[in-house]
Amino acid sequence: MPNLMEIHFLHPRDSHAYDAEVAPECTSKRALTGLQSPETGPFLDPAPNGRPYELVLARNSMVITPDMTMAQAGVVDGEVVEVRQSGQGA
Amino acid sequence: MAGTPVVDIYSRSRLAGYDPEVMAASTTLVVGAGALGQNLVMNLALAGVGHILVVDFDEFENHNVTRSPYFPTAEEAEQLGNGKAVLVAHKAARQMTAKDGIIHYASEPIQALGDLPFRVSDVVCAAVDNPAARAYLAERCKLIGRPLVEAGFNGLEIGLAVFGPDASGPCYRCLNPERAGAFSCSAYAQSAESVGIIPAVQTAAAALGGLQAETTIAWLHGRNDLVNRRLYFDIRKLDGRLAMLPREPRCPGVHHSLNTNYGALIPLQVDRPVAELVEHLRATLGARGIRLPEAVVVRNTCVRCGTLLEPRVPEWRWMLSPRCSDCGGPYEPSAVTGDHVCSLDVVTQDTLADAQGLTAEAAGLAPGTTLQLISESGDVLGLLTAGTLDDVISSVPVLQPNNNTQRNMNREEVI
């Protein structure tokens, strides 16, 4: 049984949050896929092509890259993770 | 005029920590002359950056007027046309404060210009609106060793990132590994450009253009505190975050530089077959082959009519107008695989058949490009092709209010 961590995900645009139990080996990409799936509401609207969501660890302002696992990013139980999006227009 | 007091136009800038001499001697490459690029260029020109290169293949359209400080008057459009690069260069030239300043411009995609615009620049600014162009800029900057200040907005949300020149540091593709291309089959690869209109407002463009300019100017002064940082900000809510960017170990982008390999220049005749170039490099340097700056779409199948197409152009040129030459339908990424579907990114003796008849220019090689040679041992070495900036870009000298330098409006050889 994997040692799941509770992570508090903050919505990029409003005050909503979503608490999820996440495995340490879960990658940022996989976590974001889950946050856009019906199982979570979905918590996040589908990301437009070319404008993916990005996860930022609130504690140290470190971006969690798509293939980085929660464990590699140093995420611990109870961590707050912000969902952000960069701009694409110019 | 006798008795006229000398005014230091940079007195306020100096108090803000700017050194006009540093800026006057600096060169900034601005890729993209849309709303963001125009606001950026305006800030750089007024602040005193001495050399600015503006690259954009697009033209002004009426709806741009609400967010384009350099939107042309009817007279300007009649004289210069509607090309963004040429108009921005000429209009911004009037605002440049640097003595002997000059703006260079090119009305071509950046991929068509080779590496000289990067090599002559101290900082590269990405003001482009698609991931493919950002990926290209990210890769060339790492290869050549230039910092990249990348920015973009979506409505009132703005984003800016500073990627250092160190090849071992993070790059744009560490966060955005997917790269839309002619052969991508994932949903992501269906071109961000085709998704729909990206909302753009002048306030966001102005705010972000100011931030991008300030970040660039700071770098020109040797202040790199923001290296490998990304800013997320909402200009209406005044809410944001400055985050740190780690390197993604499995990043598919470029994380090596070619600055220190070969310094020799070889002449590049762009109208000659690329196979001839490969053979020459094999005979003289023992190179096994060359890696093209971007993959060439050799063959692909139209998913609408089934026609086998042979575009034989770099992916970026193919994606500018992705239409089937047979049915005229919009290009869609093909999930078909097999020998009849082919892209070419490395030209060796083994792949010369696919490169048959392909000229160096058609393969995306331009004067002043850094050729990536593949040695027999598999190492990648760098070699410069000969060329000058004038081979790929035009220039507009600045008309200074207190000298008689004639603005050369007629010297236009848009490549």
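Proteins get letters first, then strands, A, B, ... in listed order; numbering begins at 1 in each. In this text, all values refer to a predicted model and were calculated from it rather than measured experimentally.
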What distance separates A:S86 OG from B:L160 CG, expressed to the nearest 0.5 Å? 11.0 Å
Do B:N154 and A:R51 come close enough that some side-chain heavy atom pair is under 4.5 Å? yes
What's the shortest heavy-atom distance between B:D239 and A:R84, and which atoms? OD2-NH1, 3.8 Å
Bottom line for A:A58: the part with an atom under 4.5 Å from chain B's heavy atoms is both
Do A:E54 and B:Y232 have side-chain N/O donor and acceptor atoms under 3.5 Å apart? yes
Contact origin within B:L40 toward chain A - heavy atom pairs under 4.5 Å: neither
Is the backbone N or O of A:R13 less than 3.5 Å from a side-chain atom of B:K237, with the two atoms forming a donor-acceptor pair by type? yes
B:P249, B:C251, B:A35, B:P246: which one forms the most heavy-atom pairs within less than 4.5 Å of chain A? B:P246
State, yes or no, whether a side-chain contact exists between B:E248 and A:D67 at a heavy-atom distance under 4.5 Å. yes
Which distance, rounded to the nearest 0.5 Å, do you find between the OG of A:S61 and the CZ of B:R230? 14.0 Å
How long is the gap from CD on A:E82 to CZ on B:R241, to the nearest 0.5 Å? 4.0 Å
Looking only at heavy atoms, which two atoms of B:C174 and A:P66 are closest? And how far apart? O-CD, 3.3 Å
Value for CG (B:N176) from OG1 (A:T65), rounded to nearest 0.5 Å, stands at 11.0 Å
